[in-house]
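Everything below concerns the one structure shown next.
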Amino acid sequence: MTELRLHNSKTRRKEVFAPIDPDDVRMYLCGPTVYDRAHLGNARPVVVFDVLYRLLRHVYGEDSVTYVRNFTDVDDKINATAKARKDAGAEGTLEQLIHERTVETIGWYHADMDALGALRPDAEPRATAYIGAMIAMIERLILSGHAYAKDGHVLFRVRSYQDYGALSGRSVDDMIAGARVEVAPFKEDPLDFVLWKPSDEELPGWNSPWGRGRPGWHIECSAMSYELLGDTFDIHGGGIDLQFPHHENEIAQSCCAHPEGSFARYWLHNEMLQVEGKKMSKSLGNFFTVRDLLDRGIPGEVIRFVFLQTHYTKPMDWTAEKAAQAEAVLRKWRGLVAGIEPAPSPAPSVIAALSDDLNTAGALAELHAMTGDPALLKTSARMLGLLEDHMGDWVAPKADLTAHADHLAALRATAMQAKDFAPVDAFKAALLDAGVEVRMSKAGVELLPGVGFDPARLPPLN
RNA sequence: GGCGGGUUGGCGGAGAGGUUACGCAGCGGAUUGCAAAUCCGUGAAGACCGGUUCGAUUCCGGUACCCGCCUCCA
């Protein structure tokens with residue numbers, strides 16, 4: 001069996017991956033808070049873990065991998081949107097309006113991630129469906145002395161968990177020194193974080209032993225991973241920005257509530273995304289969503305290719321230049337594999353690259369070496385979610401240029417006789433100007449709509 | 001202040017203690033009415049300073065610069 005090696009954030013080393021049960025490999029990815037369209041940065045972990053999911057399925061078998069990715073649908077930004085709708089006169093309770101909003105957002109998320117060629121996880125739990133499990137976990141934490149209730153809040157007693165900070169490499173005392181923790185009257189210690197908080201009438205809430213309220217952010221992942229994957233599972237992932245405090249808190253909650261288990265054994269974190277060398281932010285004006293790119297005509301497969309060019313542990317820079325290059329490569333490859341029956345299995349070199357901590361850039365390099373064997377290229381590319389049939393519509397000609405091609409061929413034939421190439425050159429120049437790629441060979445004339453193709457600027461046929 | 005990541009040829013971007021990464025661009029050639037596309041060939045690197053070593057871009061230490069996290073965030 002292929003030996004998989006993964007960089008484990010927990011140990012800060014590349015380790016051989018050994019699943020608890022090779023017939024039931026389990027991984028959890030922190031999913032989106034569904035308050036709006038996913039931005040480009042949200043898509044990076046999705047693509048990275050999609051490749052990991054494909055690899056695990058390849059190595060252990062399609063039915064031997066369980067991939068869970070949650071939807072966070074309890075959140076103040078969602079509440080704000082729902083409240084704004086209610087204030088604007090929308091029908092229904094606040095909870096119903098929240099549900100409507102999140103259903104809408106989840107639909108967008110699915111459409112956008114599907115466009116990137118990401119396989120759907122085996123389970124996509126919504127936090128609101130697991131409130132009972134969260135309450136049960138909080139009760140266990142209170143009983144074991146790791147949490148306490150105060151003024152309608154329940155807080156996790158950070159100093160009760162000795163290994164707190166191990167994942168992100170900080171000590172509790174360092175954090176006090178940093179002093180950027182919220183001090184509140186209901187906290188025993190400024191480091192303690194919220195498991196449950198009260199809701200007023202303006203906010204969604206659920207009944208609990210501590211009154212009507214809602215869960216803190218971190219508890220949902222602990223509760224859902226426990227319910228769906230058990231007290232010990234293989235891989236947990238997300239963006240590096242989640243490492244602290246979110247993942248640190250998840251570990252504390254899960255390990256204290258279920259000391260018999262060891263929670264996630266391998267932690268994978270992807271680095272952040274930049275745009276043209278800068279952090280993507282609304283203030284810099286370089287903020288955009290996946291849908292924005294798709295609407296601009298950049299195919300999801302191209303976005304995916306650009307992502308895979310950079311190793312997931314390094315910051316990735318999105319640039320228009322990279323997108324253009326990726327499109328050219330994919331166009332070429334799609335031309336090579338069109339109508340070709342895929343090879344029975346992917347190239348070992350590609351599996352080897354991916355098995356080495358998801359070296360997707362290395363795997364792409366291997367694909368370049370395979371252009372002489374389109375069948376193998378096709379099958380191997382699919383390990384990366386590329387060159388799949390359902391992803392290829394974008395390469396189809398955007399217009400029927402047969403008439404123009406025939407006209408150009410006729411002009412050329414005349415020109416060959418008359419030794420006067422001016423008319424054919426003029427027509428060709430006009431085509432190029434309209435964004436058409438012109439290919440003339442002994443075999444004939446081929447016209448392809450290029451990147452800047454504009455049908456309105458096509459020359460008349462006379 | 002604390003924690004973490006990065007710095008490779010014109011650009012993007014990997015692996016490996018000693019042998020060509022790869023892609024794009026460039027250059028030369030084939031081909032073409034001219035181009036494009038395609039094919040063949042080709043130059044070019046490892047932030048800086050030390051150390052280990054027969055040998056380091058690759059390991060260790062330091063410096064500089066860039067970036068992220070520590071607050072909602074993928």
Side-chain angles (χ1 to χ4, degrees), chain A residues 7 9 12 29-33 35 38-49 69 72 75-77 165 167-171 173-182 217 237-248 269-274 277-281 305-306 308-317 319 321-326 328-329 331-333 335-336 349 352-353 356-357 359-372 412-413 415-422 424-425 428-429 431-432 436-443 445-448 450:
Chain A
H7 179 87
S9 305
R12 287 146 216 252
L29 175 66
C30 285
T33 302
Y35 65 94
H39 66 244
L40 191 62
N42 289 307
R44 172 117 106 136
V46 174
V47 171
V48 167
F49 282 84
R69 183 180 64 208
T72 298
D75 172 80
D76 287 344
K77 282 185 285 253
L167 178 70
S168 53
R170 359 177 148 220
S171 72
D173 295 322
D174 284 345
M175 285 180 263
I176 290 291
R180 283 221 225 164
V181 283
E182 187 194 1
W217 173 38
I240 187 69
D241 55 333
L242 291 181
Q243 191 183 39
F244 186 90
H246 183 56
H247 289 159
E248 202 72 71
H269 289 105
N270 61 278
E271 255 291 348
M272 299 290 100
L273 174 126
Q274 299 186 318
K278 295 192 174 110
K279 179 177 177 169
M280 184 165 80
S281 74
F305 188 103
V306 171
L308 297 178
Q309 276 185 300
T310 303
H311 188 85
Y312 76 93
T313 55
K314 291 195 173 185
M316 198 216 89
D317 195 15
T319 66
E321 170 72 20
K322 283 186 182 179
Q325 282 194 12
V329 172
R331 203 173 274 285
K332 177 178 154 185
W333 285 357
L336 289 172
S349 59
D356 184 10
D357 197 27
N359 185 357
T360 51
L364 288 174
E366 294 299 336
L367 294 182
H368 279 293
M370 246 168 249
T371 48
R412 182 162 171 252
M416 299 279 254
Q417 293 291 320
K419 301 287 177 204
D420 175 13
F421 291 93
V424 62
D425 282 342
K428 187 179 96 177
L431 287 170
L432 291 174
V436 177
E437 199 176 285
V438 179
R439 299 182 185 176
M440 284 187 267
S441 67
K442 273 179 276 193
V445 169
E446 198 182 355
L447 299 183
L448 297 168

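Quick caveat, the model's predicted, so the values are computed rather than measured. Hydrogens, waters and symmetry mates play no part in the numbers below; they use all other heavy atoms, side chains included.
Residues S9(A) and Q243(A) share a closest heavy-atom pair of CB-NE2, 3.9 Å. Of all the heavy atoms in A353(A) and A363(A), the pair that sits closest is CB-N, 3.7 Å. Residues A415(A) and V424(A) share a closest heavy-atom pair of CB-CG1, 4.0 Å.
Across the P atoms, A14(B) and A47(B) are found 15 Å apart, a figure rounded to whole Å. Here, C69(B) and A74(B) have their C1' atoms 13 Å apart, quoted to the whole Å. Between C27(B) and A44(B), the two C1' atoms lie 11 Å apart (nearest whole Å). A21(B) and C34(B) have their P atoms separated by 36 Å, given to the nearest Å. Distance check on atom C1': G18(B) versus C40(B) gives 30 Å, rounded to whole Å. Comparing the C1' positions of G46(B) and G41(B) gives an interatomic distance of 25 Å, to the nearest angstrom. Separation of the C1' atoms belonging to A64(B) and C48(B) is 7 Å when rounded to the nearest angstrom. Nucleotides G28(B) and A37(B) are separated by 16 Å at their P atoms, to the nearest Å.
Taking the side chain as every heavy atom from C-beta outward, H247(A) and S168(A) never approach each other to under 4.5 Å. Side-chain contact between N270(A) and I240(A): absent, with no pair of heavy atoms (C-beta onward) separated by less than 4.5 Å. Residues H368(A) and V329(A) form a side-chain contact, since some pair of their non-hydrogen atoms from C-beta on lies under 4.5 Å apart. Side-chain contact between V48(A) and M316(A) is absent, with no heavy-atom pair separated by less than 4.5 Å.
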ask   = When you check every protein heavy atom under 4.0 Å of nucleotides 4-9 of chain B, what one-letter string (B, S, -) results, 5' to 3'?
value = SSSS--
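Contact annotation for E366(A): no contact, since no heavy-atom pair falls under 4.0 Å across all strands. Nucleic acid contact for D75(A): none, since no nucleic acid atom lies under 4.0 Å from a heavy atom of the residue. K428(A) comes within contact range of at least one nucleobase, with a heavy-atom separation under 4.0 Å. The residue T310(A) sits close only to the backbone: its heavy atoms come under 4.0 Å of sugar-phosphate atoms, none of a base. G41(A) comes within 4.0 angstrom of a nucleotide base, judged by non-hydrogen atoms across all strands. Base engagement by L273(A) is indicated by at least one non-hydrogen atom pair under 4.0 Å involving a base atom.
Of the candidate nucleotides U38(B), C34(B), A74(B), A74(B) has the atom lying nearest to any side-chain atom of H39(A). Looking at the side chain of A361(A), the nearest of the listed nucleotides G23(B), A14(B), A37(B) is A14(B). Here A74(B) is the nucleotide among C34(B), C70(B), A74(B) with the atom lying nearest to any side-chain atom of P45(A). Closest to the side chain of V329(A), out of G12(B), G23(B), C69(B), is G23(B). The side chain of D356(A) sits closest to G15(B) out of G15(B), U38(B), G33(B). In the set G33(B), C24(B), A37(B), the nucleotide with an atom closest to the side chain of R439(A) is A37(B).
In this structure, CG of L308(A) is placed 18 Å from P of G23(B), rounded to the nearest angstrom. Atom-to-atom, CG of L336(A) to C1' of C39(B) comes out at 13 Å; the value is rounded to the nearest Å. Taking atom CE of residue M316(A) and atom P of nucleotide A74(B), one finds them 16 Å apart after rounding to whole Å. Distance L432(A) CG to A37(B) P: 11 Å, rounded to the nearest Å. We find that NE2 of H368(A) is positioned 16 Å from P of G12(B), with the value rounded to whole Å. As rounded to whole Å, 14 Å separates atom P of C22(B) from atom CH2 of W333(A). Going from atom CG of L367(A) over to atom P of A21(B) covers 20 Å, rounded to whole Å. Residue E437(A) contributes atom CD, which lies 11 Å from atom P of A36(B) at whole-angstrom precision.
One N or O on the side chain of R44(A) and one on the backbone of E271(A) form a donor-acceptor pair closer than 3.5 Å. The closest donor-acceptor contact from the side chain of R12(A) to the backbone of H7(A) lies at 3.5 Å or more, if one exists at all.
With hydrogens and angles ignored, no donor-acceptor pair under 3.5 angstrom links the side chain of H311(A) to the base of A14(B). Side-chain to base pairing of N359(A) with G15(B): no donor and acceptor N or O lie closer than 3.5 Å to each other.
Applying the side chain to side chain donor-acceptor pair (under 3.5 Å) test between Y312(A) and each of N359(A), D357(A), T360(A) identifies D357(A) as the sole match.
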message = What does the 5'-to-3' dot-bracket notation of RNA chain B look like when only Watson-Crick and G-U wobble pairs under 3.5 Å count, and pairs to other strands show as |?
response = (((((((..(((.....[...))).(((((.......)))))....(((((..]....))))))))))))....
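Both N42(A) and K322(A) lie close to RNA chain B; mapped to their nearest nucleotides by heavy-atom distance, the more 5′-ward contact belongs to K322(A). A residue-by-residue look at R412(A) and H246(A) shows that R412(A) has its nearest nucleotide of RNA chain B further toward the 5' end.
No side-chain donor from either of Y35(A) and D76(A) sits under 3.5 Å from a side-chain acceptor of the other.
For the ring-ring contact (aromatic ring centres under 6.0 Å, His included) test, residues two or more places apart in sequence or in another chain that qualify with H39(A) are F287(A).
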